[in-house]
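The block underneath contains the structure these notes are about, expressed in structure tokens.
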Amino acid sequence: GKRIRPIIALAFCRMFGGKDEAALPYACALEMVHTSSLIHDDLPCMDNDLLRRGQPTCHVKYGEDTALLAGDILQSMAFEVLGSRLFDTQQSVDASIVLRQMQILATSSSKMVSGQVLDLQAEGKRIDQAQLEQIHRNKTGALIQAAIMMSAVTIFEGTDPAIPKLRQYGQAIGLAFQVQDDILDVVSD
């Protein structure tokens with residue numbers, strides 16, 4: 001896959017002087033949540049996609065029950081990866097940063113689900129640009145924004161005045177990414 005969310009998390013951490021080791025746990029957690037959403041999105045009750053990245057989708061290859069459970073466990077594992085840093089004796093991680101990252105991931109995951117609900121409700125209907133942007137900001141943009149915000153709280157510990165601008169930037173990148181992805185769906189093979 002594109003792995004754009006963990007790449008953004010690593011890039012922002014580096015950009016602000018952080019080390020990859022600090023970003024890897026939340027970068028992995030982001031990708032776990034994203035992959036969970038793809039597995040669920042491909043299910044027959046959603047988009048019923050048969051292929052993902054040129055391969056049979058999880059439910060096609062392993063069955064709907066296994067696909068549903070795989071998506072569910074990835075959600076849990078994402079928070080396990082984030083929280084386990086609190087008990088790692090080789091790393092010193094501030095608990096307030098880990099909790100803030102968990103909150104960012106939980107909020108963005110909720111927004112992603114609400115974006116999926118809006119997307120399903122819009123299926124077969126004509127919607128305006130504002131409705132489409134709301135779907136994209138939630139369904140795709142929320143996790144991209146989370147990648148930036150999780151890096152920001154790691155580096156700045158949530159106190160830098162640039163944080164609101166980074167949040168706005170993350171939202172814009174998420175929207176731009178989805179628009180590009182939609183264009184590719186139409187013009188690429």
Side-chain angles (χ1 to χ4, degrees), residues 1-11 23-84 101-102 104-129 131-150 170-171 173-189:
K2 298 173 190 110
R3 295 185 189 96
I4 191 74
R5 292 145 194 87
I7 289 169
I8 288 172
L10 291 168
L24 279 174
Y26 62 86
C28 289
L30 283 159
E31 190 60 19
M32 289 173 177
V33 169
H34 177 245
T35 301
S36 166
S37 75
L38 297 179
I39 292 170
H40 285 167
D41 189 53
D42 291 340
L43 287 167
C45 62
M46 300 285 177
D47 291 348
N48 197 24
D49 287 321
L50 304 178
L51 294 174
R52 167 79 55 190
R53 301 172 183 145
Q55 300 293 317
T57 55
C58 192
H59 76 275
V60 169
K61 190 164 184 172
Y62 301 106
E64 288 180 46
D65 52 355
T66 299
L68 180 65
L69 294 170
D72 290 349
I73 197 67
L74 281 168
Q75 286 270 341
S76 296
M77 289 174 69
F79 288 94
E80 181 182 350
V81 165
L82 283 176
S84 67
Q101 288 175 334
M102 289 175 142
I104 290 168
L105 187 59
T107 299
S108 65
S109 184
S110 295
K111 286 181 179 181
M112 180 184 63
V113 170
S114 72
Q116 177 69 5
V117 169
L118 293 172
D119 192 24
L120 290 169
Q121 290 172 344
E123 230 171 73
K125 297 178 183 172
R126 189 171 182 89
I127 61 172
D128 63 25
Q129 183 173 340
Q131 292 167 311
L132 182 62
E133 284 184 19
Q134 183 180 13
I135 291 168
H136 290 338
R137 278 197 177 95
N138 287 308
K139 187 175 174 180
T140 303
L143 280 182
I144 291 175
Q145 183 181 33
I148 295 169
M149 297 312 298
M150 290 170 90
Q171 193 173 60
I173 292 294
L175 185 58
F177 177 84
Q178 187 58 52
V179 169
Q180 177 187 346
D181 202 50
D182 287 350
I183 292 169
L184 287 174
D185 283 346
V186 173
V187 301
S188 71
D189 59 5

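This chain uses plain numbering: 1 for the first residue, then up along the sequence.
Contact check for Ile8 versus Leu30: no side-chain heavy atoms found under the 4.5 Å cut-off. No side-chain heavy atom of Leu74 sits less than 4.5 Å from a side-chain heavy atom of Glu31. Asp41 has its side chain within reach of Arg52: a pair of non-hydrogen atoms, C-beta onward, lies under 4.5 Å apart. Side-chain contact between Ser37 and Gln116 is absent, with no heavy atoms from C-beta onward closer than 4.5 Å. Looking only at side-chain heavy atoms (C-beta outward), Ile127 and Gln134 stay at 4.5 Å or farther from each other.
Residues Val81 and Ser84 share a closest heavy-atom pair of O-OG, 3.0 Å. Nearest heavy-atom pair, Gln75 versus Ser36, reported as atom, atom and distance to 0.1 Å: CG-OG, 3.4 Å. Across every non-hydrogen atom of Ala9 and Tyr26, the tightest pair is CB-CE1, 3.7 Å. Heavy-atom minimum distance, Gly71 versus His40: CA-NE2, 3.5 Å. Of all heavy-atom pairs spanning Ser108 and Leu105, the tightest one is OG-O, 3.0 Å.
If you take CD on Gln145 and NZ on Lys111, they are separated by 5.5 Å, rounding to the nearest 0.5 Å. Expressed to the nearest 0.5 Å, how far CZ of Arg137 lies from CG of Leu118 amounts to 13.0 Å. Summarising the geometry, atom CD belonging to Gln121 is positioned 8.5 Å from atom CD1 belonging to Ile135; distances are rounded to the nearest 0.5 Å. Here Asn138 contributes atom CG and Gln171 contributes atom CD; the two are 8.5 Å apart, rounded to the nearest 0.5 Å. Residue Lys61 holds its NZ atom at 7.0 Å from CD of Gln55, rounded to the nearest 0.5 Å. With rounding to the nearest 0.5 Å, the separation of NZ in Lys139 from CG in Leu132 is 10.5 Å.
Side-chain N or O atoms of Thr57 include one that pairs as donor or acceptor with a backbone N or O of Asp49 at under 3.5 Å. Of the possible donor and acceptor atoms, none in the side chain of Thr107 sits under 3.5 Å from a partner among the backbone N and O of Ile104. Distance alone, capped at 3.5 Å, places no donor-acceptor pair between the Asp119 side chain and the Gly115 backbone. Panel note: side chain Ser109, backbone Ala106; no donor-acceptor pair is recorded below 3.5 Å. Although no hydrogens or angles enter the test, the distance criterion places a donor-acceptor pair under 3.5 Å between the side chain of Gln131 and the main chain of Asp128. A donor-acceptor pair under 3.5 Å is absent between the side-chain atoms of Thr35 and the main chain of Met32, judged by distance alone.
For Met77, the CE atom is loosely surrounded, since the number of other residues' heavy atoms within 6.0 Å does not exceed 12.
The residue from Thr66, Asp65, Leu43, Ile39 that alone fulfils the side chain to side chain contact (heavy atoms under 4.5 Å, CB included) condition with His59 is Leu43.
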**OP:** Test Arg5 against Val33 for side-chain contact (heavy atoms from CB on, under 4.5 Å), laying out the working first.
**Re:** CA-CA 10 Å; Arg5 292 145 194 87; Val33 169; over 6 Å; no
